[in-house]
Each structure stands twice: as structure tokens, then as C-alpha cells.
Amino acid sequence: MLYLAYKNLISKPLNTFLSILLLMLSISLATCILQIKNQLNQHLEINIKPFDMVIGAKGSPLQLVLSSVLHIDNPTGNILLKDALKISKNPMVKEVIPVSYGDNYKGYRILGTYDTYLKQYEAKLHEGKLFEKSFEVVLGSYAAQKLNLQLGSTLVSAHGLADNTLETHDEKPFTVVGILEPTGSVIDHLIITNLESIWEVHEHGDEKEHLEEHTEEHDDHEKHENEHDEEHDHHEQHEDEREITSLLVKFRNPLATLQLSRYINEQTSMQAALPKFEIERLMEFLGIGFQAINSIALIILIVAGLSIFINLIKTVRERKQELALLRTYGASSIQLLQLVFFEALFLSVFGFLLGWLLGRFGAWLLSFFTQDLYGYSFEFSLPDNRELLILFLVTLTTFLAAIIASLSIFKLNVSKTISNA
């Protein structure tokens, strides 16, 4: 019966091809979106898990989380380090980690922070050591691979977060002292150094610009000394007003999250954002798009089911003589029903497998785009429980279609059908 079912399907390749194509497209869309959503949730969960709150400049709380935790957006601005660190005195606060950035190297962000930032993601050194002084950097595994940098390599940062060669800090190159093992988090795509490096590279640039202006003006010595003294006083004042991009906070007690965020947002010039809450909102927005694509996949799946059902009905009607002949050779009605069911099973399983592979291939292609832009890759994985549920439902549907299409088999008049042949 399996062999006969196979021969029946290949005898009409166009009908078989169209049924499989429709089923394959619906399954590929559904499984691709399912995998992207699942793996995106996993990536986001890994990246936001270490921190309960982000404190930064006023603006969009989602933008603050995207920029300071996920590193895929521009920051809302800077805040004073001394104001941010006051939060650490709250007894409900377990740990605070300041982060600061504004430069990049070939599109990869240079992040200034404490070495405890690496510990939050359980990052381990693959080779080398952690940064100990200014202008020493540790590379994430993906950044090191893509930038082709090794221990001892030097790099010159460029101003801004986008790759450019217009505003580079040639006077202060960074030196690679360590390379991290892969973590599956945002760290893999970062160039990490201490806070002092971020401050000094911009201060040095300001000093250089200031000296160039004075060289062009050729002022008298006394005026130059007076302005130099003013610059020195300004530098001392600036030491007391260091700025950072944001402050990452971890609490001892979850109840502190709402209490402290309300205080910061209402009583200070800063803004507090909750990564978990903002990412949930983001996924709700993205969920609308996912649902739309899944709706399209469902419509195609229904059309595919109707196509299989119609093909099965046509098969039974067009092969009445063949089925009657099989009955004369001793085949029972149940066996003839099996024949039709095997044809439906071939279509459903083969269509599902091709659709599943196409869906995985689509996620793999999308991974090239998201890896470079956002640092998120989609791995090839085996079917999960929901995908197996889809296979079960598709098989069940085709089984019911086979039964409905084959009801006429039980009413088959063998002698009359053969005589009419």
C-alpha cells in the first residue's frame, strides 16, 4: 500500500507539487517566526537578566534600555557620575555599575565601565588579562574575530557610535590586553575598557583643539598664561563633574525597584528605566508583526489543507476502477482507506519537513543581518515541542481529510464498477 500510494502521487506530479508547495510555505513561515521569536526572547533575557534598573538622562525609557543594556541604540544623554553614585548609598541597592561610551572602532562600541560588568555576564578570559590602566581594552569574542585583532594589537577610536574615519583620536590609541570567551550576550560584540579611558580620550582631544587655536592666534605670552590658568581651573572643576552615559543597578530586594524608580523619575533630573518591563513592552509591539505573519501562514495552511483534500477526492473518483480491481484481489475497504491515508501522510510529512528546513534556512539567512547590526544570531536547532505539535495537527488534519474523501470507498460496487470499465 505504501508503494501504491507513492506511485499514485508521482503519477500526477503537478498536483502533488502544488499541494506540497502550499504546505511547505505555510510551515516555513510558522516555524521561522516561531524560532526567531523564541531565540530573540532568549537573547534578550540573557542580556537584561543581570540588571534590575538603568539610570540615565531624561528621555525614552526604552531607548535608555536599548542603548545602555542591549547596546543597539543611541543614548539619551549623559548624567553626572556623582549624582548617579548617590543611588548606591540606598540600603536596598546591592551593586551599581557605571557605563560610558561615545566612541567606536569600525562600528564596534568602546564601552567604559568597571571590571565587575564582565562578572555580571560570567565572562571569562580566553587569553590575556583584564584592563588595569587607561587605554587597555578587552575584546568580546565576536568583535575580536571580526576585527582580526590579537593581544598587543592597537586601535584608534572614532567619535560617535557609527563607523567613520572623520573624527579619530589618533593621539591616544588603545591596546588589546585580553580577549574573552564567547558568552552569547552583548559582551561578545563590545570593546571594553575602564571609565578613565573614555574621559581621557575626549579631554585629550579638547586640549589638542585648544592648543591649535592658540597657535593660530599667536597671542602674547601673558594672555596665553592667563588662559592656561583658566583652563587648569576648568580642568579641576571638570574632575568633580565627570559624566557617564548611565548607571546599571542591581537590588537586594525586588520591592525597591518601583519605589526607587518613582523617586528618581519624580525627584531628580535623571530617569530610571526597568529593563524587564521595557523589553516586555517591546516584545508586545513586535508580537503584532509576528501574529500578522502567523495569520498569513495559517491562511496558506488552510489553502494547503483544502488542496490536499480536493486531490484526495479526485484520486478516489478517478481511480474507482483501480480500487475495485484491488478489492477483487482481496483488498478490504480498510486497506483501500489506508492507501488514501498513506497518500495524505506522504504529502503532510514531506511538506512539513521541507517547510521546516526552509524555515530554518530563512532564520539562518536573517542571522547574518542581525548578527552584524544587533549582535543577535539565530542558531539551527531541532524541532521543539510547538513545532512537533504543528506536525501532529497537520497530520491529524490530513488524516481527517483522507477519511472524508474516502467515504465513497465503503459504498463501492465492485462488480458494477468493473463492468462499466
Quick one: does any side-chain atom of [X] pair with a main-chain N or O of [Y] as donor and acceptor, under 3.5 Å?
X: Thr268; Y: Ile264; answer: yes
X: Gln63; Y: Asn74; answer: yes
X: Asn265; Y: Gln271; answer: no
X: Glu181; Y: Lys124; answer: no
X: Lys58; Y: Met270; answer: yes
X: Tyr121; Y: Ser185; answer: no
X: Thr245; Y: Tyr101; answer: yes
X: Thr175; Y: Glu136; answer: no
X: Gln35; Y: Thr31; answer: no

Quick check for you: to the nearest 0.5 Å, what is the distance between [X] atom [atom1] and [Y] atom [atom2]?
X: Leu29; Y: Cys32; atom1: CG; atom2: SG; result: 7.5 Å
X: Ser68; Y: Leu247; atom1: OG; atom2: CG; result: 9.5 Å
X: Leu85; Y: Ile244; atom1: CG; atom2: CD1; result: 6.5 Å
X: Glu243; Y: Trp199; atom1: CD; atom2: CH2; result: 10.5 Å
X: Asp52; Y: Ser261; atom1: CG; atom2: OG; result: 11.0 Å
X: Leu357; Y: Ile27; atom1: CG; atom2: CD1; result: 12.0 Å

What are the two closest heavy atoms between [X] and [Y], and how far apart are they?
X: Leu118; Y: Leu180; answer: CD2-CD1, 3.9 Å
X: Pro275; Y: Val54; answer: CG-CG2, 3.8 Å
X: Ser157; Y: Val201; answer: OG-CG2, 4.1 Å
X: Ser60; Y: Thr76; answer: O-CG2, 3.8 Å
X: Ala84; Y: Ile79; answer: CB-CD1, 3.8 Å
X: Val186; Y: Val69; answer: CG2-O, 3.8 Å

Taking the basic N atoms (NZ, or NE/NH1/NH2) and the acidic carboxylate oxygens, is any pair closer than 4.0 Å for [X] and [Y]?
X: Glu387; Y: Arg360; value: yes
X: Arg281; Y: Glu284; value: no
X: Lys119; Y: Glu122; value: no

Exercise for the section: Quick one: do Leu195 and Tyr114 satisfy side chain to side chain contact (heavy atoms under 4.5 Å, CB included)? Show the steps, please. Expected result: CA-CA 7 Å; Leu195 286 169; Tyr114 297 162; 3.6 Å; yes
Polar side chain donor-acceptor pair, [X] to [Y], under 3.5 angstrom:
X: Thr183; Y: Asp188; answer: yes
X: Gln120; Y: Glu95; answer: yes
X: Ser134; Y: Glu196; answer: no

Are any non-hydrogen side-chain atoms of [X] and [Y] less than 4.5 angstrom apart?
X: Leu111; Y: Tyr117; answer: yes
X: Met283; Y: Asn41; answer: yes
X: Arg386; Y: Leu34; answer: yes
X: Pro98; Y: Leu81; answer: yes
X: Ile192; Y: Ile110; answer: no
X: Leu21; Y: Leu354; answer: no
X: Leu149; Y: Tyr105; answer: yes
X: Val138; Y: Thr193; answer: no

Problem - Chi angles and distances behind the side chain to side chain contact (heavy atoms under 4.5 Å, CB included) call for Thr154, Phe174 - result: CA-CA 5 Å; Thr154 58; Phe174 290 85; over 6 Å; no
Handout entry: Aromatic plane relationship, His189 with Tyr108 - under 30° parallel, 30 to 60° tilted, over 60° perpendicular
Key = parallel
Problem - Within 6.0 Å of CZ in Phe251, more than 12 heavy atoms from elsewhere - result: yes
Exercise for the section: Begin with the C-alpha distance, continue with both residues' side-chain angles, and end with the deciding distance and a verdict on side chain to side chain contact (heavy atoms under 4.5 Å, CB included) for Leu66 and Glu278. Expected result: CA-CA 9 Å; Leu66 292 178; Glu278 295 301 329; over 6 Å; no
Problem - Aromatic ring proximity, centroids under 6.0 angstrom, Phe135 and Phe131 - result: no
Exercise for the section: Begin with the C-alpha distance, continue with both residues' side-chain angles, and end with the deciding distance and a verdict on side chain to side chain contact (heavy atoms under 4.5 Å, CB included) for Phe352 and Ile390. Expected result: CA-CA 9 Å; Phe352 177 87; Ile390 292 175; 4.1 Å; yes
